[in-house]
Structure formats: C-alpha cells, structure tokens
Amino acid sequence: RGSLTASVWQGRTSGPGITSSGNGAHFIEANTLLSSTGQDDVNTTSRTHEYDTIGDAWRSRTHATYSVRNAFSSVAFNNFYKAGGQNGAGTVVTSAEFYLASGDSWRATTAMTAAKTGGRGLGINNSLYAPAGSTTGANAGGVATNYRYDPANDSWSTQAAVTNARHAATAMTIGQLGYVVTGANTAGTEQTSNYEYDPFADTWTTRAVYPAGQSFAGGANGYANTEGFFVSGTAGGGGVTNVRSYLRETDVWTSESAITAAAPNYPGVATSEGWLYSHGGVASGAGVLYRLYVGPSAPVALYTEAFKGHV
C-alpha cells in the first residue's frame, strides 16, 4: 500500500472517562471497539465503554470487577480478556477476568501465574499471551517471563521467555506471530529491540530493530495481517507523535503520518475495516480518539463503513 505520510489522522468523538496509563482497546466485532480500565486524570479505573465506528458514538457498558492500569489484554472468541496490572494502591496483581460481550458482564478467570504489569497482551489463536513487563511497576523490576492463558481450559502455562527483560514494551500480533518491541531494560535505558514470537515452536527470533529507543507506545496489527503499527509513546521521558508500520515479509520499518497529539501513556491501539484507531494515552485528554486509514483503497473503505449492511 506504500507509505501513509500523506494521510491525515482524524479526530473522532472522545471516549468518556478512560484516558491514560494502559487502557486496553480491542475490537470485539468489526465495528465495535471496547475500551476498559486504565487510569483517568487521578484514579485507576474499572470503567468500560464501547465505541461504534459507524455512528461515531460511545456507550457505557458494565464496568470491570476491579480497577487496574497497564494490564495485559487481548480478545479471544470475541470476548475481552485482561490479566495482571497495577491497582490504585500501586500493588501489582495476578487477577484476571474477561468481558462476555454477548451478556455485557464480567467473569473472573484463573489468576495469572505471577503478578506483573507494564506490558501489552498478545492475542494469537484465541489465546492471551502476557510477555515481559515488570513485577514492581518500575524498570528495575523488569522481567522476560511469558505466560499463556487458554480460555477453553481456563488455565495458564509458562512459555519461552522473551529474549531480554523489558518493561513498558509494545506488543502487536501480525498473522500468527507476536512481536515485543522497544521498552526499557532493568537499568532504565529505552531499547530499540524487536523480538518475534512463534507460538507453535515456542521460540523468539530477533528482527529489525525499531529506529529509536521508546517505551509505553501502542501497537496493533494492520491490514490483511501482514503488518503491524507502532503508535506514539515516550522517548527520553517526553511524549512523541511518531507512528511507524512494520512489514513482516520484508522485516522493514516505515515512517507513517504522525498522530495529531502525543499519547505517552500506553494508548489503546486497534485496527478494523482498514482503519487504525488510537484511544487515550493522554493524562488530561478526556479519552481522545483518533483514526488513520491504513487499508489498500480509501474509497472502498469509506463506502464499506458508510453503507455496511445495505449492499
């Protein structure tokens, strides 16, 4: 599809409540984005809201059982799963639960193998993976552990550890592979590393490094499951607006159109119907929501979104 540097991010209706510090945002259906937990301007929250991409409107859903930020989250069987994270008292937890979309309700699951936070979940083959992160919420507590949750059996297993410990890394799924990118090492130095995870072989492979050391960025798969997107985050302690795509086949990073405003605190990033969405990640941004078209043909995507269900 080429570079998107000529494309423009569009502001959409801001989401209520959830703003920063690791709210999870995932599409549970093609046009339904679910955003849950995280931290608002002051407090860690359990708020859960649903965004309709066609109507550009939010509605409140049943809130999560417990408040947490920087949890590991993903979607399996069209349900939203989250595990770990850090509560309002600063305690790193093992708690885990999932949102049953069909019943608008939360249900507890088996707790994660060990408490950790400060990472992003990988959703592969209807399983949730929780790679890297921190056991303390700080860089010094960074770990390389990787846990897999199997919703079919409500069980956790320990998988091959990430190549190096990383706190505040970005995770994204491309096809049947997972990627853990950048983050800080235990000394607090932001890294450029890019590690690819094959869940079938349970192995990690080093891929092309990210162009600059960063942390707390958002990540998502792209169109046709051949690429991933890396959005905003922090570098050197300050928010950045850079956006880059990663093409799996060529192992190459490409600069894309910068997001309208920096989202330094783990924005919730997800793709659907050819659009890349970024929600929150801004401490005083009142749940800002932006989108960028990343599909192969903008006219087709716009037609699909406007007339879906009528053709």
Side-chain angles (χ1 to χ4, degrees), residues 1-7 26 72 74 119-125 127-133 142 144-146 148 159-185 189-235 240-259 266-267 269-272 274-278 292-297:
R1 59 169 173 76
S3 174
L4 296 171
T5 51
S7 300
H26 303 282
F72 297 85
S74 187
R120 302 278 80 180
L122 291 169
I124 308 174
N125 294 327
S127 290
L128 166 65
Y129 291 83
T145 53
N146 178 26
R148 171 182 176 257
Q159 306 300 121
V162 183
T163 308
N164 289 295
R166 291 288 182 268
H167 172 233
T170 298
M172 56 189 183
T173 301
I174 305 177
Q176 302 297 308
L177 301 173
Y179 294 82
V180 172
V181 187
T182 66
N185 62 17
T189 304
E190 289 175 320
Q191 303 296 298
T192 60
S193 53
N194 176 17
Y195 302 126
E196 177 187 87
Y197 179 65
D198 181 344
F200 303 100
D202 193 25
T203 56
W204 292 88
T205 302
T206 299
R207 296 302 186 193
V209 298
Y210 190 74
Q214 282 191 217
S215 55
F216 291 109
N221 67 300
Y223 180 78
N225 288 319
T226 60
E227 63 186 342
F229 288 91
F230 185 103
V231 179
S232 198
T234 64
V240 294
T241 59
N242 59 264
V243 176
R244 290 184 171 91
S245 60
Y246 173 75
L247 190 61
R248 182 183 63 190
E249 286 83 355
T250 58
D251 193 26
V252 171
W253 290 93
T254 301
S255 293
E256 309 291 3
S257 179
I259 195 168
Y266 264 153
V269 177
T271 55
S272 181
W275 293 93
L276 172 66
Y277 289 83
S278 178
L292 178 72
Y293 187 72
V294 298
S297 173

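When reading the values below, keep in mind they use all heavy atoms of this one structure, side chains included, and skip hydrogens, waters and symmetry mates.
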Check: So, for Thr182 and Ala169, which heavy atoms are closest and what is the spacing to 0.1 Å?
Finding: O-CB, 3.5 Å
Margin query: So does Leu247 get a backbone contact from the side chain of Glu249, meaning a donor-acceptor N/O pair under 3.5 Å?
Written below: no
Next item on the list: Report the residues that fulfil side chain to side chain contact (heavy atoms under 4.5 Å, CB included) with Thr192, sequence neighbours left out, ordered by chain and then residue number.
Entry: Val209
Margin query: For a quick test of reading the model, state the closest non-hydrogen atom pair linking Pro211 to Arg244 and the distance between them.
Written below: CG-NE, 3.4 Å
Check: When rounded to the nearest 0.5 angstrom, what distance separates OG1 in Thr254 from CZ in Phe230?
Finding: 14.0 Å
Check: Looking only at heavy atoms, which two atoms of Glu227 and Ser245 are closest? And how far apart?
Finding: OE1-CB, 4.1 Å
Checklist line | Closest contact, heavy atoms only, Ala171 versus Gly121 | finding: CB-O, 4.1 Å
Item checked: Where Gly123 and Ser74 come nearest, the two heavy atoms and their spacing -> CA-OG, 2.8 Å
Check: Ser193 versus Thr163: any side-chain heavy-atom pair under 4.5 Å?
Finding: no
Check: Which residues pass the ring-ring contact (aromatic ring centres under 6.0 Å, His included) test with Tyr197, sequence neighbours left out?
Finding: Tyr129, Trp204
Notebook entry, point to check: So, the side chain of Asp251 versus the backbone of Ala208: is there a donor-acceptor pair under 3.5 Å, distance only?
Noted result: yes
Item checked: Residues in side-chain hydrogen bond (donor to acceptor under 3.5 Å, both in side chains) contact with Ser127, at least two apart in sequence or another chain -> Arg148
Margin query: Do Tyr246 and Asn194 have side chains that approach each other closer than 4.5 Å (heavy atoms only, starting at C-beta)?
Written below: yes
Check: Sequence neighbours excluded, which residues qualify as ring-ring contact (aromatic ring centres under 6.0 Å, His included) partners of Phe216?
Finding: His167, Tyr266
Check: Quick check: does any side chain N or O of Gln214 sit under 3.5 Å from a backbone N or O of Ser232, one acting as donor and the other as acceptor?
Finding: yes
Next item on the list: Hey, could you give me the CG/CE distance between Leu177 and Met172, rounded to the nearest 0.5 Å?
Entry: 11.0 Å
Next item on the list: Over all heavy atoms of both residues, which pair between Thr226 and Ile174 is shortest? Give the atoms and the distance, please.
Entry: C-CG2, 3.5 Å
Check: Partners of Asn164 by side chain to side chain contact (heavy atoms under 4.5 Å, CB included), sequence neighbours excluded?
Finding: Arg166, Tyr195
Check: Among pairs that include at least one residue of residues 200-210, which meet salt bridge (charged side-chain N to carboxylate O under 4.0 Å, His left out), considering only residues two or more places apart or in two chains?
Finding: Glu196-Arg207
Next item on the list: Can you measure from CZ (Phe72) to CG (Asn146) and round to the nearest 0.5 angstrom?
Entry: 9.5 Å
Margin query: I'd like to check the side chain to side chain contact (heavy atoms under 4.5 Å, CB included) partners of Ala220; sequence neighbours left out, ordered by chain and number.
Written below: Val269, Thr271, Leu276
Next item on the list: Taking side-chain hydrogen bond (donor to acceptor under 3.5 Å, both in side chains) as the test, write out the residues that go with Ser215, two or more places apart.
Entry: Glu190, Thr234
Next item on the list: Just grab all the side-chain hydrogen bond (donor to acceptor under 3.5 Å, both in side chains) pairs involving residues 168-177, residues at least two apart or on different chains.
Entry: Asn125-Gln176
